[in-house]
Amino acid sequence: MDHFDYHDGELCAEDVPIARIAAEVGTPFYCYSTATLERHYQVFAGAFAGADALVCYSLKSNSNVAVVGTLARLGAGADIVSEGELKRAQAAGIPAHKIVFSGVGKRREEMKAALDAGVLQFNVESLPELEALNEVALAVGTRAAVALRVNPDVDAGSHHKISTGREQDKFGIAWADARATYAAAARMPGIEIVGIDVHIGSQLSSLDPFESAFRKVADMVEILRAGGHNISRIDLGGGLGVPYHETDQAPPLPSAYADMIKRVTGHLKCQIILEPGRLISANAGVMVSTVVYVKRSGDRTFIILDGAMNDLLRPALYEAFHRVLPVSEAAPDAPQSAVDLVGPVCESGDTFARNRLMPPLAAGDLVVFCTAGAYGAVMSSTYNTRPLAPEVLVRGGEFAIVRRRPSLDEMLAAEAAPSWQKP
Ligand code: LLP
């Protein structure tokens, strides 16, 4: 459920007409709904009420400080993968003791920054990473709390680029090496083993792969405990999918996901850490764009927008589907015709949708891409020297620009001609 609806024929974000924001901010821009973010967080966290669980919102899905701040006020923790995300989580008010540091390639400087901050735990993915963390912790004069991320060799059944729990994927410690790696960790004076971690992929539409992976992890907890290791936390990662298409089979509800987790891990009496990203942020955001030209070419109609693949990469990268709505509601009897929705970037891949049935659109019309709050703005680039799209957060009848559009001069300011080109 989200809070982007038509009021009197005008698409609104909560109580604010999107056209009003567009007039002030210009397009393309991202627009987020506070009520939707809050609702998603509360539904998810509520599903774990009564259990010893910590919800660590995965910043990579949308790390705008205002978005993270909205969730911080509800008590969310954070799943981070870089020093930059650490800074954002802290700027948004998430205390370090609710932050878990994930990622397959943490650098030593980043480890030090996270140790200095006092994060709750590091999710470590390899023996070399463990050795580096041990050294950094000893140099700082502390011990790093560690969960080892194990690779359960379970296929998430999601897009191949976002499935992470198969043996051939770069993530986690191979199942067969897990016990030996725990034994190595136990011998390192700068490492304190606190738990185990798993994340098998993103946009999962079934609970079955989760359950297979979590059962394996639960069995491993018992094996590790029998080996003398202290496993008091299980981090189960993120990955629960959202509907992008009206006809998508509805993904499992957070309540069903939580019930399964309680059933599979409850007997272990561990604290459960969850890292949802998309589930919280995806439907809380849209990307708003203006039609620049309608171009007819042979039997095709191209709707050329001012938003492009640099602003919303998912269709180009994953052939992802995003619903597109006109901001001015089409009349119920308006004719629909198949069009290609494209951006202005010089690549054929800069195509948001092909043969999409849309009501009539003309230059100057506004459209929104739905379900763009996750992995939208965060994956944008300045390709073709296009400024990063601004981000707007709505709350009830008010809105705020929470990231402004940089000027072209700001974009060029970090670049310099080498001395030999100077007059
Ligand atoms: N935890 C870890 C260790 C992760 O790698 C991820 C996502 C999450 C949590 C959050 O997963 P979520 O709940 O959002 O599914 N750019 C892609 C998605 C990449 C996901 C990467 N890892 C997309 O646009 O679909």
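Just so you know, ligand 1 is whichever comes first in the structure, and atom 1 is the first atom listed for that ligand.
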Notebook entry, point to check: Which is it for R149 and ligand 1 at heavy atoms under 4.0 Å: side chain, backbone, both or neither?
Noted result: side chain
Please state which protein non-hydrogen atom is closest to [atom] and give its distance, to 0.1 Å?
| atom | result |
| --- | --- |
| atom 17 (C) of ligand 1 | Y318 OH, 3.0 Å |
| atom 22 (N) of ligand 1 | K60 CD, 3.5 Å |
| atom 20 (C) of ligand 1 | Y375 OH, 3.6 Å |
| atom 19 (C) of ligand 1 | I162 CG2, 3.7 Å |
| atom 24 (O) of ligand 1 | R314 NE, 2.6 Å |

Got more than 12 heavy atoms from elsewhere within 6.0 Å of [atom1], [X]?
| X | atom1 | answer |
| --- | --- | --- |
| R179 | CZ | no |
| Y293 | OH | no |
| R395 | CZ | no |
| E222 | CD | yes |

Can you find an N or O of [X] that's nearer than 3.5 Å to an N or O of ligand 1?
| X | value |
| --- | --- |
| M379 | no |
| S102 | no |
| S202 | yes |

Check: Is there a heavy atom in D79 that sits closer than 4.0 Å to ligand 1?
Finding: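 It does, in that a heavy atom of D79 comes within the 4.0 Å cut-off of ligand 1.
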Numbering the atoms of ligand 1 from 1, which are under 4.0 Å from a heavy atom of [X]?
| X | value |
| --- | --- |
| G277 | 12 (P), 13 (O), 14 (O) |
| G239 | 11 (O), 12 (P), 13 (O), 15 (O) |
| P276 | 13 (O) |

Check: Using 30° and 60° as the class limits, which term best fits the ring planes of H322 and Y244: parallel, tilted or perpendicular?
Finding: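 Ring orientation, 0 to 90° scale: perpendicular.
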Margin query: Give me each pair satisfying side-chain hydrogen bond (donor to acceptor under 3.5 Å, both in side chains) with a member in residues 11-27, each pair once, sequence neighbours excluded.
Written below: E14-S33, T27-T290, T27-D306
Do [X] and [Y] have side-chain N/O donor and acceptor atoms under 3.5 Å apart?
| X | Y | value |
| --- | --- | --- |
| D235 | N123 | yes |
| Y57 | S61 | yes |
| N355 | R300 | yes |

Margin query: Judged on heavy-atom distance to atom 3 (C) of ligand 1, which of E275, R278, H159 sits nearest?
Written below: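 That would be E275.
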